[in-house]
Amino acid sequence: MTQTDKDRVVIFDTTLRDGEQSPGATMTHDEKLEIAELLDDMGVDIIEAGFPIASEGDFRAVSEIAKRSKSAVICGLARAQLPDIDRCWEAVRHAKQPRIHTFIGTSPLHRAIPNLTQDEMAERIEQTVTHARNLCDNVQWSPMDATRTEWDYLCRVVEIAIKAGATTINIPDTVGYTAPVESADLIRRLIETVPGGDEVIFATHCHNDLGMATANALAAVQGGARQIECTINGLGERAGNTALEEVVMALRVRNDIMPYHTGVDTKKIMHISRRVATVSGFAVQFNKAIVGKNAFAHESGIHQDGMLKNAETFEIMRPEDVGLAGTSLPLGKHSGRAALRAKLRELGTEVGDNQLKDIFVRFKDLADRKKEVFDDDILALVTATTEGDDALQLVNLSVVCGTGGPAQATLEMEINGEDMSAVSEGDGPVDASFKAIRMLHPNKARLQLYQVNAVTEGTDAQATVSVRLEEDGMIATGQSADTDTVVASAKAYIHALNRLIVRRGKTGKDVKEISYRDVT
Ligand code: KIV
Ligand code: ZN
């Protein structure tokens with residue numbers, strides 16, 4: 001089938017706004033810039049870079065992403081308030097192609113929060129969309145909780161927003177309540193019913209509370225939506241959002257029944273998925289579609305007879321299509337620095353000479369301890385070397401544990417350049433190590449998450465550990481990898497503490513002060 005422009009589906013990525021809002025997924029300024037660049041390079045059409053009025057940090061990140069943007073439209077979020085919209089414009093206006101996205105909750109439950117009548121809210125929508133349009137030619141408007149808004153009122157407010165100048169109308173399923181048949185029908189009826197509905201782009205924004213976000217988004221496209229809002233790995237509040245990699249690959253693999261196309265370079269999917277997992281601290285579940293470790297498991301060693309004869313026996317897409325190397329030769333202890341650099345390039349990671357030196361030392365050390373060093377081991381090493389000039393550094397850790405009694409950790413740390421040591425007992429080796437760290441760096445951070453994953457197979461596998469800490473509303477995540485789970489745990493805990501130290505230094509201004517749900 002030939003593809004015409006009406007079959008083009010625009011990909012709107014909101015990893016840096018809706019995704020980053022998921023508790024604990026906070027990214028640093030530099031991490032946001034890196035992810036935005038990867039999104040731009042992979043051909044995402046629109047990047048929602050943040051919520052500029054929420055904090056100084058969000059404002060700075062959106063402005064900088066806008067300044068650095070190449071082909072993507074850069075969008076910022078704003079509540080239905082004039083100062084929000086002005087602040088958003090101040091940040092996105094630096095982009096080659098800026099967009100303002102303004103929204104208000106239109107369902108009865110959401111109208112009750114600012115206590116506005118239907119008429120008062122309609123007036124607010126008219127005023128704020130007009131204001132946004134006077135600043136920017138490209139305005140997106142969203143009736144939050146659209147799928148639980150009365151049909152007549154939804155039609156009324158969508159018409160008002162179109163007349164006031166909105167160029168994209170996004171229909172959010174904010175609480176993941178809708179189902180595919182309903183999702184398609186809602187968009188189709190809005191386009192048919194609302195005057196001017198056929199002159200704007202309709203977008204779909206689905207949350208995954210019932211596990212139907214991707215199906216709902218694709219159904220909305222069949223109903224006439226031409227913009228899908230999504231995040232890498234489906235990152236997002238509660239159960240997350242539609243996953244970018246799922247919709248893009250579904251449109252590619254099932255083009256026979258969904259004849260639409262996107263401009264995304266699917267070969268870049270795996271790399272960005274891994275980077276988002278690392279910087280957000282949200283590991284990808286093993287059986288996650290497209291990007292999970294097991295999604296192409298037969299590719300990494302379970303040599304099924306059928307696969308060997310004909311890969312299509314078990315594969316509806318090739319690992320190469322999403323950026324996984326087809327056959328990957330593991331590196332070993334005799335591999336040199338050039339081979340390591342080539343491998344890193346193959347995995348989509350470019351590192352500077354200093355970082356390569358550091359990764360190479362760790363690689364040799366790992367290769368001495370482990371039979372085979374796999375791609376995932378290498379990526380874990382890259383993560384472990386991005387820790388930088390942190391205030392807290394682990395120097396030495398030894399633990400005595402077993403069935404005989406409490407575990408004991410002897411820990412040596414460098415704190416702001418000074419060597420310090422402590423001995424602590426605990427309920428197991430990890431608890432003892434964490435207590436020793438707290439003895440040397442007293443803090444009131446609460447441990448919200450402690451997660452261990454094996455990077456590759458075997459008892460000599462590296463463990464990646466994620467730790468999430470919370471202190472006075474500030475959240476910081478830390479990750480590390482090591483063949484010793486206890487060492488990886490201590491390093492991940494120290495990594496999170498270092499990030500908290502940086503945030504404290506910013507006097508809490510990087511903490512979200514306003515949530516997009518605080519609509520008044
Ligand atoms: O889920 C939602 O309704 C949102 C809006 C701000 C679009 O994220
Ligand atoms: Zn959302």
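When a ligand or atom number is given, it counts from 1 through the structure's own listing order. Predicted model only: the values in this text are computed from it and were never measured.
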Have a look at Glu48 and tell me which of His205, His101, Gln140 forms a side chain to side chain donor-acceptor pair (under 3.5 Å) with it. His101

Please round to the nearest 0.5 Å and tell me the distance separating atom CD1 of Ile191 and atom CG of Asp198. 8.5 Å

Mark yes or no: Arg188 above the aromatic ring of Phe202, with NZ or CZ under 6.0 Å from the six-membered ring centre and no more than 45 degrees from the axis. no

Polar contacts were defined as any N/O atom of the residue lying under 3.5 Å from an N/O atom of the ligand; does this apply to Arg17 and ligand 1? yes

Give a yes or no on whether Tyr450 atom OH has more than 12 heavy-atom contacts from other residues, nucleotides or ligands under 6.0 Å away. yes

Would you mind listing which atoms of ligand 1 come within a distance below 4.0 Å of any non-hydrogen atom of His205? 1 (O), 2 (C), 4 (C), 8 (O)

Please state which part of Arg79 comes within less than 4.0 Å of ligand 1, counting heavy atoms only: side chain, backbone, both or neither. neither

For ligand 1, does His207 get within less than 4.0 Å through its side chain, its backbone, both, or neither, judged by non-hydrogen atoms? side chain

Here's one to test your reading of the geometry: is the NZ or CZ of Arg133 within 45 degrees of the ring axis of Trp141 and under 6.0 Å from its centre? no

Just let me know how Thr174 lines up against ligand 1, side chain, backbone, both or neither, with a heavy-atom cut-off below 4.0 Å. both

Among Met121, Gln81, His110, Met144, find the residue that satisfies the side-chain contact (heavy atoms from CB on, under 4.5 Å) test when tested with Ile104. Met121

What is the name of the N/O/S atom in Asp18 that sits closest to the Zn ion (ligand 2)? OD2

Taking only heavy atoms of Met144, which atoms of ligand 1 are found under 4.0 Å from at least one of them? 3 (O)

